[in-house]
Amino acid sequence: MHTTDPKPGILYIVGTPIGNLEDMTFRAVRILQTVDLIAAEDTRHTGKLLQHFQVKTPQVSYHEHNRNSRVPQLLEQLNQGKAIALVTDAGMPGISDPGYELVKVCVEAGIQVVPIPGVTAAITALSAAGLPTDKFVFEGFLPAKAQQRRSHLESLNAESRTLIFYESPHRLRDTLKDLAEVFSDSRQIVIARELTKLYEEFWRGTIADAINEYNQREPQGEYTLVVAGSPPIQVQYSEAELKAELEKLIRQGISRSQASRELAKMTSLTRRQLYQLALSVKDEV
């Protein structure tokens, strides 16, 4: 475990709590106490966090609206040997915020970038959603305009991996409606709200159920949506077509067992059923 003070000329990407202050790590507090400067998305918001952990390091603002002028200033200080910590209002900097641009510039300039891991809403929601976690896609915030939002969702319609979105309360209903129209209202969804906070909630069901739920209650708080991926497309074949497809696969030099396994991925039949069919085409191959 590294316990030395921060080295000069390093940009630290410091994760902060997304709600519960107990999620702040010892390492994050130590880094914030010992760097020369903290670049914060909202200095007033971060000021409360720093006060709670008795951190007196000076702050400077770094956000969406001043990034173009602020990046060169921060880069200059880093080149002078200063150690700077980048924080966002909640979670890991660079995830759905302009922190990425500062990191990119620092990497290009040869400045060391050190991550101090913390909570991220997307992973927090996914871990407790109950949907597949082995493969997933983080999409952040969807476009605000309806046409662009639907167009983007259409590009994800065939995505088989679990999908994660962030959404604001005033757009939640519109997004759920678009998800139902583009994907399917029977697709499973988990709506995580106020993660790690007092009123943390996980709502689980179909998109149709979610629409009904949020037509009866007013959306409040910040939302993370975890949506099941697209199920595999099941192709319907006649017995003659199945035999022809099996014969084609076997002619390519693979075994009947492997051919049956491959074809099972595209049909509603089991590998065993297809293997029995493969045996029947034995004399024809």
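Just so it is clear, the model here is predicted, and its values are computed rather than measured. For the single chain, residues carry numbers from 1 onward in sequence order.
Using a distance-only test at 3.5 Å, with no hydrogens or angles considered, no donor-acceptor pair links the side chain of D97 to the main chain of P93. Side chain of R150 to backbone of V182: no donor-acceptor contact under 3.5 angstrom is found. The backbone N or O of T43 lies less than 3.5 Å from a partner atom in the side chain of Q59, making a donor-acceptor pair.
The CD atom of E139 lies 12.0 Å from the CG atom of L225; values are rounded to the nearest 0.5 Å.
Between A144 and R149, the shortest heavy-atom contact is O-NH1, 2.9 Å. Listed here is the closest heavy atom pair of V137 and R161: CG2-NE, 3.4 Å. Contact detail for F202 and A125: the closest heavy-atom pair is CE2-O, 3.7 Å.
For Y100, the OH atom sits in a loose shell: 12 or fewer heavy atoms of surrounding residues, nucleotides or ligands are nearer than 6.0 Å.
Cation-pi geometry between R272 and Y275 is not met: the NZ or CZ atom fails to fall both under 6.0 Å from the ring centre and inside 45° of the normal.
Each of L176, T206, V226 was evaluated against I189; a single residue qualifies, L176, per the side chain to side chain contact (heavy atoms under 4.5 Å, CB included) test.
Two rings, from Y223 and Y214, have their centers less than 6.0 Å apart. Taking the ring centroids of Y166 and F138, they lie under the 6.0 Å cut-off.
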Steps toward side chain to side chain contact (heavy atoms under 4.5 Å, CB included) verdict (V55, I38): CA-CA 10 Å; V55 176; I38 297 171; 4.3 Å; yes
